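I have placed the structure first, in the form of C-alpha cells, so that the comments after it can refer back to it.
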Amino acid sequence: MVKAMSKTAVYRTLGKWCLALTLFFGATAASAGSWQQNVSIGGFSKVHIYTPTSRSPIGDGKALLIVLHGCTQPIDAYLGANLDQAAEEFGMVVAVPDAANKAGFGCWSYWQGTRSRTDGDYKNLIQLATTMSSDDSRNIDPDQVYIAGLSSGAAFANTAACLAPDVFAGMGVSAGPSIGTSASGAIRRCESADVANRCTRYAGSFASHLSTQIASIAHGTSDAIVDECYNTQNAEGMAGVYGVARKKGTNNIEDGSGAASETLWQDGRVSMLWLEDTDHAWPGGNGASGSYINSSAINYARYLGRYFSENNRRVERPADTDRE
C-alpha cells in the first residue's frame, strides 16, 4: 500500500522541484544580462549595476545584492568576479558602489564616524537599496534585499544590516572584522567584540526586524591579513542576535575547483563558511579575475544566491508551515 503524502509534504516537494527547475533554467542563461557602469544613484557617484534577465526562484520579481569592496580594491575588480553568473542563476540584481566617504587605503570607514541610518555611507546604502527596490522598472522584491562585502566592506555591510534590518533581509560577511572594532584590530590581530549586543543596539527601534534576518559569515583558511577569529566571533554573535542554536556537524561545499566547510544554525538563520585555501580576497570561483579576487575559491556570490533563496524568512511559500 502506498502511503498518502500530507498536504505540507506535497507543498514542500513541489517547492523544491520549482526551485531546482528555476535554478537549472537560470544557469543556462548565464551572462545574458548586462552591466551598467559608474551609475550615480543612492548618494553614490559610482555604482556598477548588473541586471539579469532571470527572476528570483522565490518571492515576487528579482532579488537585490549590494556588494561592498575591500580596502585598496577598485569596484572594477568585481566586473570579473563572476557576479553576473550568480545574478543570472538566482535572479539577483547586483550593485557594487564605490564608497563615498573612504578612510585610509580606500577602506569603508566602519571604525570611524557615527553609526547611524542618517549619516555617511550608511545613509547612502539605505538610500541605494530603497531607491532601487522602489523603482518598478527594476522589478526588485523589497523582501529580497541583501548586502555583502569583503574585509572593511564586510564589516560595513554587517553594521549597515544591523542598523537597517527592515531594509536588509540578509547579509554576507567575507573576511570582515567584527562590528565596532578598531582599525588596529583589522590587521593580524583579534579584537574581542560583543557582536550580539552591538548589533541589537545599532538596530534600536528597528530591532524587531532582526527576527527575520539571516546571515552568512565566511573566511579563508589562508587569510594572512584579517584574523580568522572573527569568523567564529561574527557567526556566534549574529546567532546570539537571532537567538538560534548551532546545528551539529558540518557540510562540505564544492563549487568548481573551490571547496568550503559549512556550519549552520537553527532554521538556516546563520551560516559559517571556512573557505579552503582562500587568501584575503573575494571568493570569485573558476575564471574569476581582478584585484583581491580569488579564482580558486568557491563562487561566494553564487553561494549567497542559494543560501538567501533557501532561507529567506520574509518571503512566504507553501513549505514555510513545516520548515525545519
Side-chain angles (χ1 to χ4, degrees), residues 12-31 33 50 52-59 61-67 81-94 140-141 143-149 157 161 168-174 212-219 235 238 247 250-276 278 282-288 294 297-315 317 319-320 323-324:
R12 180 190 290 172
T13 301
L14 288 174
K16 288 181 178 179
W17 272 103
C18 288
L19 177 58
L21 288 171
T22 304
L23 298 185
F24 171 77
F25 287 112
T28 64
S31 300
Y50 185 87
T53 58
S54 57
R55 294 166 60 94
S56 170
I58 63 171
K62 304 176 189 293
L64 171 62
L65 175 63
I66 298 174
V67 178
N82 289 335
L83 299 182
D84 52 347
Q85 293 180 13
E88 290 294 344
E89 186 171 355
F90 294 96
M92 296 189 300
V93 176
V94 176
I140 292 170
D141 183 348
D143 287 329
Q144 297 186 69
V145 175
Y146 310 108
I147 188 167
F168 300 109
M171 69 182 82
V173 178
S174 181
T212 56
Q213 192 181 69
I214 59 178
S216 166
I217 314 296
H219 208 106
M238 293 313 300
K247 300 179 73 172
T250 58
N251 304 312
N252 294 322
I253 306 294
E254 295 185 359
D255 182 5
S257 60
S261 173
E262 176 193 57
T263 300
L264 294 172
W265 274 254
Q266 183 183 2
D267 297 326
R269 296 291 304 282
V270 178
S271 164
M272 180 174 67
L273 292 180
W274 288 106
L275 306 165
E276 294 184 10
T278 301
W282 176 267
N286 283 349
N294 189 300
I298 68 169
N299 183 336
Y300 185 49
R302 186 170 185 267
Y303 174 86
L304 288 177
R306 183 179 298 278
Y307 172 71
F308 289 148
S309 63
E310 290 182 348
N311 296 287
N312 181 296
R313 310 296 294 179
R314 301 181 183 181
V315 176
R317 47 201 139 180
D320 282 353
R323 197 182 254 167
E324 296 180 357

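This structure is a prediction, so every number in the text was calculated from the model and none was measured. Reckoned from all heavy atoms, side chains included, excluding hydrogens, waters and symmetry mates.
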Give the intermediate values and the outcome of side chain to side chain contact (heavy atoms under 4.5 Å, CB included) for residues Met238 and Trp265. CA-CA 10 Å; Met238 293 313 300; Trp265 274 254; over 6 Å; no
With Glu262 as partner, the option from Asn251, Asn252, Thr250 fulfilling side chain to side chain donor-acceptor pair (under 3.5 Å) is Asn251
Any side-chain heavy atom of Phe90 within less than 4.5 Å of one from Leu65? no
Could you tell me the separation between the CD atom of Glu89 and the CG atom of Asp84, rounded to the nearest 0.5 Å? 11.5 Å
With sequence neighbours excluded, tell me which residues meet salt bridge (Lys or Arg N to Asp or Glu O under 4.0 Å) with Asp255. Arg302
Between atom CE of Met171 and atom CD1 of Ile217, what is the distance when rounded to the nearest 0.5 Å? 6.5 Å
Where do Ala148 and Trp282 come nearest, in terms of heavy atoms and distance? CB-CH2, 4.3 Å
Counting C-beta onward and ignoring hydrogens, is there a side-chain heavy-atom pair between Val94 and Val67 closer than 4.5 Å? yes
Would you check if the side chain of Tyr146 reaches a backbone N or O of Met92 as a donor-acceptor pair within less than 3.5 Å? no
Do side-chain atoms of Asp143 reach the backbone of Gly59 as a donor and acceptor pair under 3.5 angstrom? no
Okay, side chain of Ser54, backbone of Pro52: is any donor-acceptor separation there less than 3.5 Å? no
Between Tyr303 and Leu273, is the side chain to side chain contact (heavy atoms under 4.5 Å, CB included) condition met? List the steps. CA-CA 10 Å; Tyr303 174 86; Leu273 292 180; 3.6 Å; yes
Test Arg314 against every option in Val145, Thr212, Ile58 by the side chain to side chain contact (heavy atoms under 4.5 Å, CB included) rule and name the one that passes. Thr212
Can you label the angle between the Trp274 ring and the His219 ring as parallel, tilted or perpendicular, going by 30° and 60°? tilted
Does the side chain of Asn286 come under 3.5 Å of the side chain of Ser257 through a donor N or O and an acceptor N or O? yes
What heavy-atom pair brings Tyr50 and Gly33 nearest, and what distance separates the two atoms? OH-N, 2.8 Å
Which heavy atom of Gly287 sits nearest to which heavy atom of Asn82, and what is that distance? C-ND2, 4.3 Å
Shortest non-hydrogen pair, Asn311 vs Gly268, comes out as OD1-CA, 3.5 Å
Going by side-chain hydrogen bond (donor to acceptor under 3.5 Å, both in side chains), name the residues that satisfy it together with Gln144, two or more places apart in sequence or in a different chain. Ser56, Asp141
Heavy-atom donor-acceptor pair, Asn312 side chain to Phe308 backbone, under 3.5 Å: no
Who pairs with Phe168 by ring pair (Phe, Tyr, Trp, His ring centres under 6.0 Å), at least two apart in sequence or on another chain? none
Taking Arg269's backbone N and O only, do any of them form a donor-acceptor pair with Asp267's side chain (distance below 3.5 Å, no angle check)? no
How many angstroms lie between atom CZ of Arg306 and atom OG of Ser271, to the nearest 0.5 angstrom? 12.5 Å
How long is the gap from OH on Tyr300 to CG on Leu83, to the nearest 0.5 Å? 12.5 Å
How close do Pro283 and Ala297 get, heavy atom to heavy atom, and via which atoms? CB-CB, 3.7 Å
Before giving the answer on side chain to side chain contact (heavy atoms under 4.5 Å, CB included), spell out for Arg313 and Gln213 the whole-Å C-alpha distance, their side-chain angles and the decisive distance to 0.1 Å. CA-CA 7 Å; Arg313 310 296 294 179; Gln213 192 181 69; over 6 Å; no
Please report the interatomic distance CG(Leu64) to CD1(Ile147), rounded to the nearest 0.5 Å. 9.5 Å
CA sep, side-chain torsions, deciding dist, call: Ile298, Leu275, side chain to side chain contact (heavy atoms under 4.5 Å, CB included): CA-CA 8 Å; Ile298 68 169; Leu275 306 165; 3.8 Å; yes
